[in-house]
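Throughout, residue positions are numbered sequentially from 1 according to the sequence presented. We use all heavy atoms of the structure for the numbers below, so side chains are in, but hydrogens, waters and symmetry mates are not.
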Amino acid sequence: MSDTRDAGRDTGDEGPAGHADPVRGTVRGRAPVPLSVLDLVTVGAGSTAHAALRTSVEIARLAESRGYTRHWVAEHHSMPGVASSSPAVILAHLAAHTSRIRLGSGGVMLPNHAPLAIAEQFGTLEALAPGRIDLGLGRAPGTDGRTAAALRGPGRLDEAAEEFPRRLSELTRFLDDDFPDGHPYSRVHAIPGPAQGLTGRPPLWLLGSSGYSARLAGELGLPFAYAHHFSPAGTLPALDLYRQSFRPSAALDAPYAVIGVAALAADTEAQARAQVLTGALSMLRLRTGRPGLIPTPEEAAAYDFSPLEREFVDGWLANVVHGTPDEVRTGLDDLVKRTGADELMLTANAHGGEVRLRSYGLIADAYGMTVEVPAAD
């Protein structure tokens with residue numbers, strides 16, 4: 001394990017947001033690394049987006065009270081089973097209901113938005129919750145090609161890969177308000193921001209499921225989050241590439257890699273299996289062009305899988321750490337040993353909000369994470 005991970009051990013000496021370092025998390029209890037939450041704001045069959053968003057608040061509060069480092073919200077579009085199309089709006093709501101946990105995007109899909117608009121949204125979030133906001137950025141559309149075209153407008157769907165670094169640089173300059181004299185945007189200011197005296201800004205993270213973002217994050221000296229939960233085969237190569245490419249920067253002096261992990265704990269292995277099968281069936285439908293609400297456990301159990309569908313589902317479930325709390329703890333510990341990840345970001349994709357909420361509590365129990373923090377005003 002790296003020295004930076006040991007530096008994140010809980011010492012009781014923390015900043016106003018509960019963490020001494022804006023990037024590195026704090027290890028709680030007996031966890032091998034800091035634990036965090038990736039929230040897809042999933043909507044189950046028979047439920048509503050209102051209920052899903054209410055559950056997100058409950059999860060954020062639980063995560064805060066149990067010592068999870070951060071709660072991130074993903075950007076997805078045109079997916080009936082996911083209610084997180086507007087991360088900045090959701091994060092503002094979560095900020096109003098929490099007081100210390102870091103909140104962020106996992107991530108905002110940069111090609112979908114003007115850099116100035118993102119800088120303004122996250123400058124607003126930083127003003128609302130100083131020192132608690134992370135800005136995670138991805139270059140995928142977060143949806144299918146047709147929806148991406150509707151989001152981006154004519155002519156931008158096939159935007160070249162080299163545009164991403166340019167747009168990232170532009171976003172960074174808006175956040176820092178440091179375009180050079182003579183630049184077309186030198187008199188354009190992201191508000192709220194430094195032009196109003198805002199002294200802090202969200203740390204930038206790059207997200208990815210391939211080597212492209214891993215290399216770029218390393219070259220820029222940024223923290224990196226890898227989507228192990230849906231692209232496990234590329235985890236080790238991407239993390240190796242990130243570490244090999246890393247150059248120290250003002251933001252980070254050594255590599256810091258988070259991996260997203262699908263994980264769900266329940267009282268019994270059978271209960272956990274029944275719940276994660278709902279997420280697997282939902283993913284199968286998404287991958288075959290039939291997206292919908294997350295099915296119930298009863299629907300998933302009764303589904304007649306074809307041999308090819310069963311192969312997909314079994315492969316998917318092999319990457320989901322699930323079972324009793326002890327089984328999940330063992331699985332997460334093994335994953336850290338295999339990958340050397342500096343932080344795990346857990347996502348629980350199941351039908352019911354109460355199931356996901358209980359899972360995060362059971363995992364915290366398994367690691368002895370007993371931190372308590374004041375409730376939000």
Side-chain angles (χ1 to χ4, degrees), residues 37-53 55-56 59 72-87 90 106-107 109 112 138 140-151 157 207 209-210 227-234 260-264 266 270-323 345-357 359:
V37 171
L38 174 61
D39 190 358
L40 302 185
V41 197
T42 50
V43 183
S47 189
T48 64
H50 174 77
L53 290 164
T55 297
S56 289
I59 290 174
W72 279 8
V73 178
E75 177 186 344
H76 291 291
H77 300 277
S78 195
M79 296 182 186
V82 176
S84 59
S85 58
S86 302
I90 297 172
M109 300 298 119
N112 293 345
T143 186
D144 60 273
R146 186 176 303 169
T147 306
L151 280 166
L157 185 57
L207 282 59
S209 58
S210 68
H228 173 82
H229 55 298
F230 66 78
S231 189
V261 184
L264 190 133
Q271 290 174 349
R273 178 79 178 189
Q275 293 297 334
V276 297
L277 185 59
T278 69
L281 176 55
S282 177
M283 183 55 62
L284 171 66
R285 288 171 169 170
L286 178 65
R287 292 286 178 89
T288 54
R290 301 172 291 154
L293 302 176
I294 309 297
T296 65
E298 293 77 16
E299 181 182 357
Y303 187 88
D304 185 17
F305 292 95
S306 71
L308 282 178
E309 289 176 332
R310 175 57 66 184
E311 182 180 356
F312 173 87
V313 166
D314 288 346
W316 182 265
L317 292 177
N319 187 47
V320 179
V321 182
H322 63 284
M345 184 162 282
L346 311 181
T347 184
N349 190 3
H351 171 266
E354 69 284 350
V355 171
R356 293 185 288 125
L357 187 67
S359 175

With [X], which residues qualify under side-chain hydrogen bond (donor to acceptor under 3.5 Å, both in side chains), at least two apart?
X	answer
Ser231	Tyr226
Glu354	none
Thr347	none
Ser56	Asp39

How long is the span from the [atom1] atom in [X] to the [atom2] atom in [Y], to the nearest 0.5 Å?
X	Y	atom1	atom2	value
Glu309	Arg285	CD	CZ	9.5 Å
Asn349	Ser359	CG	OG	11.5 Å
Ser47	His351	OG	NE2	7.0 Å
Arg290	Leu284	CZ	CG	5.5 Å
Leu264	His322	CG	NE2	9.0 Å
Glu299	Ile294	CD	CD1	10.5 Å

List the residues meeting side chain to side chain contact (heavy atoms under 4.5 Å, CB included) with Leu207, not counting sequence neighbours, and say none if there are none. Trp72, Trp205, Ala225

Return the minimal non-hydrogen interatomic distance between [X] and [Y], and the atom names on each side.
X	Y	value
Ala300	Phe305	O-CE1, 4.0 Å
Ala262	His229	N-CB, 3.6 Å
Leu286	Pro291	CD1-CB, 3.8 Å
Pro297	Ala274	CB-O, 4.2 Å
Ala49	Ala83	CB-CB, 4.2 Å
Leu40	Ser84	O-OG, 3.4 Å

Within a strict 4.5 Å, meaning less than it, do heavy atoms of the Met283 and Phe230 side chains meet? no

Could you check whether any side-chain heavy atom of His77 comes within less than 4.5 Å of a side-chain heavy atom of Asn112, counting everything from C-beta outward? yes

State whether the side chain of Glu75 and the backbone N or O of Met109 hold a donor-acceptor pair below 3.5 Å, judged by distance alone. yes

Strictly distance-based, threshold 3.5 Å: is any side-chain N or O of Thr55 a donor or acceptor partner for the main-chain N or O of Ala51? yes

Count the heavy atoms belonging to other residues, nucleotides or ligands that lie under 6.0 Å from CD of Glu311, then report whether that count exceeds 12. no

Residues two or more places apart in sequence or in another chain: which of them pass salt bridge (charged side-chain N to carboxylate O under 4.0 Å, His left out) with Arg273? none

Identify which one of Leu281, Leu308, Leu277 satisfies the side-chain contact (heavy atoms from CB on, under 4.5 Å) criterion when paired with Val313. Leu277

